[in-house]
Amino acid sequence: MRERSKARMDRFVIEGGRRLEGRVRVNGSKNAALPLMAAALLTDRPVTLRGVPALADIENMLRLLDELGVERTGELGAGGALTLRSADESNSHARYEIVRTMRASICALGPMLARRGAARVSMPGGCAIGDRPVDLHLRGLRALGAEIDLDGGDIIARAPASGRLKGDLVFLGGPMGSTVLGTANVLCAATLAEGRTIIECAACEPEIVDLARLLTAMGARIQGAGSPRIIVDGVESLSGAEHEVLPDRIEAGTYMCAAAITNGQITMENCPIDCLLAAQDRLEEVGVRVERLDRDECPTRATVRVTSDRVLRPVEVTTQPHPGFPTDLQAQLMALLCLADGNSVVTEKIFPERFLHVAELARMGARCFRQGATVVVSGVRRLKGAPVMASDLRASAGLVLAGLAAEGTTTVNRVYHLDRGYERMELTLQELGARIRRVEGSD
Ligand code: EPZ
């Protein structure tokens, strides 16, 4: 992995208009891997994860785990196996210096509290995609008997005097539905709690199912993961385990949109097509063909061909919790809809402010009209290359896609946002025939 400070201001220069064609292998999921890694804090035995993607956010999580006494051996990336072992449980403080670089550090809270009886985790602050409170995480842990205070910007959590959390009924519904990382935190904490925990309004995202699989392999007793009610019967201790990380549905969906926007054809291996049904549905409505080429392989690791029609139809799309259309693909789909033949309507129901890409797409000639959490995208015949920048991972991905389709040169500044969530994106796109290069240095 490149040194962070050096990578900070790199940019992508894209000469648009090339049809993408070829094969891509989908990497392990970032958003599955982060809570899986934090789950290593639940035991002092080794936890081995295969296919952890080599990304900046993963490096940040490794840095955090290192501070929390977790030893690391092995390799990141496809074919690699990373082994984590919580060898020293004396420091349970996730400091602001790390949490501010990555909100997912909050995943350490539930596991540390459950195993060590106490945890101190800096409260994550605001973020480019809007207000992101953690009240539901805290409500859930309190329901299990934790005492929680705030001191100096840190969340201080303690288990009851017995040292062990106590199972109970936990409701995780908030104004926008459930919470993915909040469910991960409570699920992890409940595995070591005394008695039965019932999580109602649990997140149904595939990343939660993947976490439950690892925890079950470690000896946890869990039913219902993937549904809104998860039942956990606490055990006294957990063992080590080996686990292969779920493929990244958002990376797969992004490359589907790349094929579509360049009128191309991409075959994807290791594609979690069963986790992408809402995206497939919207893409097919636009006029993109998504076909499974295998019939026998597991639908979570399928081979899928994506082919675009010349004419893209406008659609309505609303982001929702899984199995609805994912917010993490909204910007990429919007880039595609900029070139559709008519008016599309995009409504964001998870992060209503997540529209950093809209003004930047306008700089490329897109016609987008935003009102609150809805954007009407009035399709244009062509986009024009321009220098653009977005301070959010998926917004940046949307701009790269727009650049691939645009006439002329697009410069996407500050690609460190992309490096947080896409492994070697420019190399993957080059292999598919895109003219894209990374330029190091300031923007
Ligand atoms: C996860 O974030 C993902 N991050 C996000 O992906 C993703 O966009 C999001 O889930 C939604 O799918 C990781 O997995 C590391 P939430 P998370 O708690 O868990 C509200 C990316 O680009 N809420 O499910 O933090 C919240 O404001 C990232 O890869 C509360 O009100 O999201 C939002 O409206 C960005 N109180 C909604 O719930 C809480 O305590 C869903 O957020 C927690 C959340």
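We use all heavy atoms of the structure for the numbers below, so side chains are in, but hydrogens, waters and symmetry mates are not. Start at 1 and go down the list; that is how both ligands and their atoms are numbered.
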Which of the listed options, [options], holds the heavy atom that is closest to [atom]?
atom                    : options                        : answer
atom 38 (O) of ligand 1 : Ser178, Pro175, Gly174, Gly421 : Ser178
atom 35 (C) of ligand 1 : Met61, Arg103, Arg354          : Arg354
atom 5 (C) of ligand 1  : Asp328, Ile250, Asp392         : Asp328
atom 30 (C) of ligand 1 : Pro133, Pro321, Ala331         : Pro133

From the list Ile148, Leu138, Val134, side-chain contact (heavy atoms from CB on, under 4.5 Å) with Leu109 holds only for Leu138
- Candidates Val47, Val52, Thr48 - the one meeting side-chain contact (heavy atoms from CB on, under 4.5 Å) with Leu82: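 Looking at Val47, Val52, Thr48, the match for Leu82 under the side-chain contact (heavy atoms from CB on, under 4.5 Å) is Val52.
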Numbering as shown, the atoms of ligand 1 that approach [X] to under 4.0 Å (heavy-atom distance):
X      : result
Ile350 : 33 (C), 34 (O), 41 (C)
Leu136 : 30 (C), 36 (N), 39 (C), 40 (O)
Arg132 : 2 (O), 17 (P), 25 (O)
Thr327 : 8 (O), 11 (C), 12 (O)
Val134 : 39 (C), 40 (O)
His137 : 40 (O)

| When you look at CZ of Arg437, are more than 12 heavy atoms from neighbouring residues, nucleotides or ligands closer to it than 6.0 Å? | no
Please confirm whether [X] comes within less than 3.5 Å of ligand 1 when only nitrogen or oxygen atoms on both sides are compared.
X      : answer
Leu181 : yes
Leu393 : no
Met176 : no
Val180 : yes
Thr179 : yes

Is the shortest distance from a Lys or Arg side-chain nitrogen in [X] or [Y] to a carboxylate oxygen in the other one below 4.0 Å?
X      : Y      : value
Glu431 : Arg424 : yes
Glu207 : Arg249 : yes
Asp149 : Arg158 : yes
Arg354 : Asp328 : yes

Report yes or no: do [X] and [Y] form a side-chain donor-acceptor pair below 3.5 Å?
X      : Y      : value
Asp392 : His357 : no
Thr303 : Glu269 : no
Thr319 : Glu348 : yes
Gln430 : Glu426 : no

Considering only protein heavy atoms, which is closest to [atom], and at what distance to one decimal place?
atom                    : result
atom 15 (C) of ligand 1 : Asn31 OD1, 3.3 Å
atom 32 (O) of ligand 1 : Phe351 CZ, 3.9 Å
atom 29 (O) of ligand 1 : Arg394 NH2, 2.7 Å
atom 36 (N) of ligand 1 : Asp135 OD1, 2.7 Å

| said: If we only consider heavy atoms of Lys30, is any one of them less than 4.0 Å away from an atom in ligand 1? | reply: yes
4.0 Å heavy-atom contact, Pro352 with ligand 1: no
Quick test of your reading: applying salt bridge (charged side-chain N to carboxylate O under 4.0 Å, His left out), list the pairs with at least one residue in residues 164-175, sequence neighbours left out, ordered by first then second residue.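 Passing the test, one end in residues 164-175: Arg164-Glu236.
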Can you tell me which residue pairs pass the salt bridge (charged side-chain N to carboxylate O under 4.0 Å, His left out) test with a partner in residues 109-118, sequence neighbours excluded?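 Found Asp44-Arg115, Glu89-Arg115.
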